[in-house]
Amino acid sequence: MSKFNHISRRQFLGTSAIILAAASTSCKQSPNRGVAPESPLFQELAQQAGVHFLQTNGATGKFYFIEETGSGCAWFDYDNDGRLDLLIVQCGPYPYVPGQGPEPHCTLYRNNGDGTFTDVTAGSGLDTYLGYCQGVTVGDYDNDGYDDLFITAFGTNHLFHNEQGTGRFVNVTQKAGLGGEAHLARYGTSAAFGDYNNDGWLDLYVCYYCPWSVATNKTCKTPDGREDYCTPDVMPPATHRLYRNRGDGTFEDVTSESGISKHKGHGLGVVFLDYDNDGKLDIFVANDLNITFLWHNNGDGTFTNVSERAGCAYNNAGQEMSGMGIGIGDYDHSGEESLFVGNFSMQPNTLFKNLGNGQFLDVSNQANVAIPHMHYVTFGADFIDYDADGWLDIITANGHVTMYIAETSPGITYEEPRQLFHNNGDGTFSVVKDRLGALSVPMVSRGLAVGDYDNDGRLDFIVVNQNGPVHLYHNEVDNGNNAVIFKTVGTKSNRNGFHAKLRLTVGAVTLFSTVHSSSSYLSASDSRVYFGLGRATLVETVVIEWPSGVKETLLDINAGAIYTLTEGRGITNRQAFNRSKLNA
């Protein structure tokens with residue numbers, strides 16, 4: 001694949017009038033979904049649910065580059081009560097001066113089980129200034145049965161150990177070997193846990209954007225001479241980090257010996273995946289105006305970037321992408337998980353179809369996810385089967401980074417609506433245009449995380465908006481379709497069961513998913529695996545392949561419940577969906 005000569009975002013925007021015209025005429029619209037026109041597919045319920053978080057990037061008119069990117073969020077069950085709790089990351093001003101305004105900190109919300117949340121940050125250990133925070137990932141790094149938090153930031157990142165579900169988190173960054181002076185000038189973004197060496201302990205990959213400081217910050221000019229945020233091509237890329245979990249509560253920095261240090265990039269999104277089905281976890285990284293990384297696991301502790309060879313380094317026009325959020329899923333029932341990558345305005349969002357032979361193919365245009373996006377900048381992105389028909393749809397959180405973009409690029413705005421793409425079941429997607437409700441309200445959105453927070457069998461999601469309230473979108477689709485959810489607990493494998501492979505037989509259809517440790521942008525979606533079943537009420541077989549190599553088969557699983565699967569023990573808990581919510 002040839003690569004275009006490098007051009008800046010502003011140059012690219014200035015040459016895209018033809019594409020904009022095409023975008024206004026070529027978008028497929030979704031068919032009527034059987035929901036009353038006046039009824040939204042998702043109801044925005046943050047305030048009613050008690051989630052009163054206001055994000056601030058702390059901008060003071062100095063156009064610090066770090067202000068553009070934050071922040072993220074995470075769904076996780078910190079107290080193991082079967083309900084998803086919520087962590088929202090705060091940025092705050094930079095530099096923060098103690099005593100000058102409220103101390104910015106992340107916020108922890110406990111799920112009350114009735115559709116509402118309680119702010120339990122006070123006394124949690126998270127109620128303190130951690131620097132200019134960006135993202136979060138979730139994983140039980142010490143296999144004690146409770147999910148821990150890794151929060152990224154400009155300055156230093158933070159590992160918080162969950163103290164047995166008590167609501168108390170202890171900062172163990174230094175003790176775990178993840179701190180130190182070398183980290184103080186780094187600009188961490190997305191991170192992900194994954195057991196790349198299959199030893200049963202979660203390792204950690206951390207994306208870094210660029211070596212930034214107030215002294216090196218640059219401001220750029222709009223065509224009429226006003227200051228604005230610069231594009232990433234004026235900032236040098238950074239080396240990302242890989243940490244191996246020693247199994248004793250500490251990590252070893254293996255960035256150099258693993259080969260990760262051989263390439264630099266403006267890292268924004270990362271997922272672990274076994275793209276070539278060789279039983280070893282690989283790593284896909286979305287970079288901003290650099291080629292993507294597809295770190296192939298060589299099985300000896302080293303990785304090789306094979307993104308060009310595998311067909312996912314550039315989009316199908318040969319361009320380096322402004323890669324941000326990543327969705328991963330088997331959208332076409334191929335038995336292979338493909339990759340969806342969020343992108344900048346006037347560059348297509350990219351759908352890399354996994355061909356199953358170690359190769360990816362950019363099918364963005366054919367799938368109709370490219371042109372409908374062209375006015376937007378997509379940060380948060382994930383697959384979501386919002387109508388439980390068994391086909392993965394796509395949700396994106398959009399928002400520009402150039403404040404005055406509307407004055408220089410007709411049709412493009414700073415604040416942008418979310419987009420929902422319905423999977424037509426034939427390899428294509430349709431843009432959902434009707435019954436969007438609050439989804440259509442323009443915002444400057446960043447992090448997005450998907451999860452069924454009220455356990456009613458329908459997937460919800462949350463979006464973090466810059467300098468505004470978070471939006472909590474409750475799924476209102478009541479179309480009679482069924483679903484099933486699986487929570488995995490490893491014994492020989494890592495305790496979360498991350499990267500276990502599940503194959504379901506439902507009539508003549510086979511559904512496939514792995515247990516994901518992280519996805520989207522700066523965020524962690526619910527790691528429980530959701531399968532929409534359409535009208536089916538029974539799953540004939542469930543085959544689970546654990547990372548340890550253990551393989552189990554379960555028969556005749558009824559729809560309508562959350563099942564806990566424990567490695568070597570089969571189903572160890574069943575929790576029926578909260579059906580009372582369906583007709584509320």
Side-chain angles (χ1 to χ4, degrees), residues 44 46-47 49-74 86-109 117 119-122 124 126-136 149 151-158 187-190 209 212-214 217 219 227-230 268 324-325 377 379-380 397-405 413-416 418 438 441-449 462-473 520-524:
E44 201 288 295
Q47 294 300 308
V51 181
H52 303 299
F53 186 92
L54 290 173
Q55 197 272 2
T56 175
N57 68 3
T60 60
K62 296 180 180 178
F63 297 98
Y64 289 154
F65 197 87
I66 57 174
E67 296 166 356
E68 292 186 283
T69 49
S71 55
C73 52
L86 179 63
L87 189 283
I88 307 177
V89 175
Q90 183 63 282
C91 293
Y94 187 82
Y96 168 68
V97 179
Q100 294 186 5
E103 184 179 64
H105 58 75
C106 303
T107 302
L108 178 67
Y109 290 95
F117 295 81
D119 184 339
V120 293
T121 313
S124 68
L126 299 165
D127 52 344
T128 187
Y129 179 63
L130 300 174
Y132 197 90
C133 294
Q134 293 283 326
V136 58
L149 297 170
I151 297 173
T152 63
F154 168 72
T156 187
N157 303 316
H158 304 273
Y187 175 2
T189 55
S190 286
Y209 195 90
W212 182 88
S213 68
V214 171
N217 188 69
T219 57
E227 284 192 335
D228 205 340
Y229 293 103
C230 286
L268 287 178
M324 289 170 273
V377 176
F379 280 89
N398 306 314
H400 220 282
V401 297
T402 304
M403 295 183 65
Y404 306 114
I405 189 66
T413 58
Y414 183 53
E415 297 177 324
E416 300 171 346
R418 271 60 62 217
V441 177
M443 303 290 291
V444 181
S445 300
R446 295 295 185 257
L448 174 152
I462 188 164
V463 174
V464 180
N465 302 300
Q466 280 211 334
N467 299 313
V470 300
H471 281 177
L472 177 64
Y473 294 97
S520 190
Y521 172 75
L522 305 182
S523 301

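Counting only heavy atoms from C-beta outward, the side chains of V444 and N467 never approach each other to under 4.5 Å. Between Y109 and V120, every side-chain heavy-atom pair lies at or beyond the 4.5 Å cut-off. Counting only heavy atoms from C-beta outward, the side chains of M443 and E415 never approach each other to under 4.5 Å. In this structure, I151 and L126 have side chains that are in contact, with non-hydrogen atoms separated by less than 4.5 Å. Inter-residue side-chain proximity for C91 and Q55 is flagged as met; some heavy-atom pair is nearer than 4.5 Å. T107 places none of its side-chain heavy atoms less than 4.5 Å from the side chain of L87. Taking 4.5 Å as the limit, every side-chain heavy atom of V464 sits out of range of all side-chain heavy atoms of V89. In this structure, N465 and F53 have side chains that are not in contact, with every pair of non-hydrogen atoms separated by 4.5 Å or more.
The OG atom of S523 sits 9.0 Å away from atom CD1 of I462, with the distance rounded to the nearest 0.5 Å. Separating the OH atom in Y64 from the OG1 atom in T219 is a distance of 11.0 Å, to the nearest 0.5 Å. Expressed to the nearest 0.5 Å, how far CG of L108 lies from OG of S124 amounts to 5.5 Å. To the nearest 0.5 Å, atom SG of residue C133 and atom OH of residue Y94 are 12.5 Å apart. Remark: L448 CG to C73 SG distance equals 6.5 Å, nearest 0.5 Å. Note that CG of N57 is 8.5 Å distant from CZ of R446, once rounded to the nearest 0.5 Å.
Counting only N and O atoms by type, the side chains of E416 and H400 include no donor and acceptor under 3.5 Å apart. Judged by distance alone, the side chains of T69 and Q134 do bring a donor and an acceptor atom under 3.5 Å apart. Side-chain atoms of T152 and N157 form no donor-acceptor pair, as typed in the model, at a separation below 3.5 Å.
For the ring-ring contact (aromatic ring centres under 6.0 Å, His included) with F65, the qualifying choice from Y229, Y132, W212, Y209 is Y209, the only one to do so.
Of the possible donor and acceptor atoms, none in the side chain of T121 sits under 3.5 Å from a partner among the backbone N and O of D127. With hydrogens and angles disregarded, a donor-acceptor distance shorter than 3.5 Å links the side chain of Q466 to the backbone of G70. Between the Q90 side chain and the L54 main chain, a donor and an acceptor come within less than 3.5 Å of each other.
The two residues A49 and L472 come nearest to each other via the heavy atoms CB-CD2, 3.7 Å. The two atoms that bring G61 and E227 nearest to each other are O-OE1, 4.4 Å, heavy atoms only.
Between Y96 and Y129, the ring-plane angle classifies as tilted under the 30° and 60° cut-offs.
For H158, there are no ring pair (Phe, Tyr, Trp, His ring centres under 6.0 Å) partners at least two apart in sequence or on another chain.
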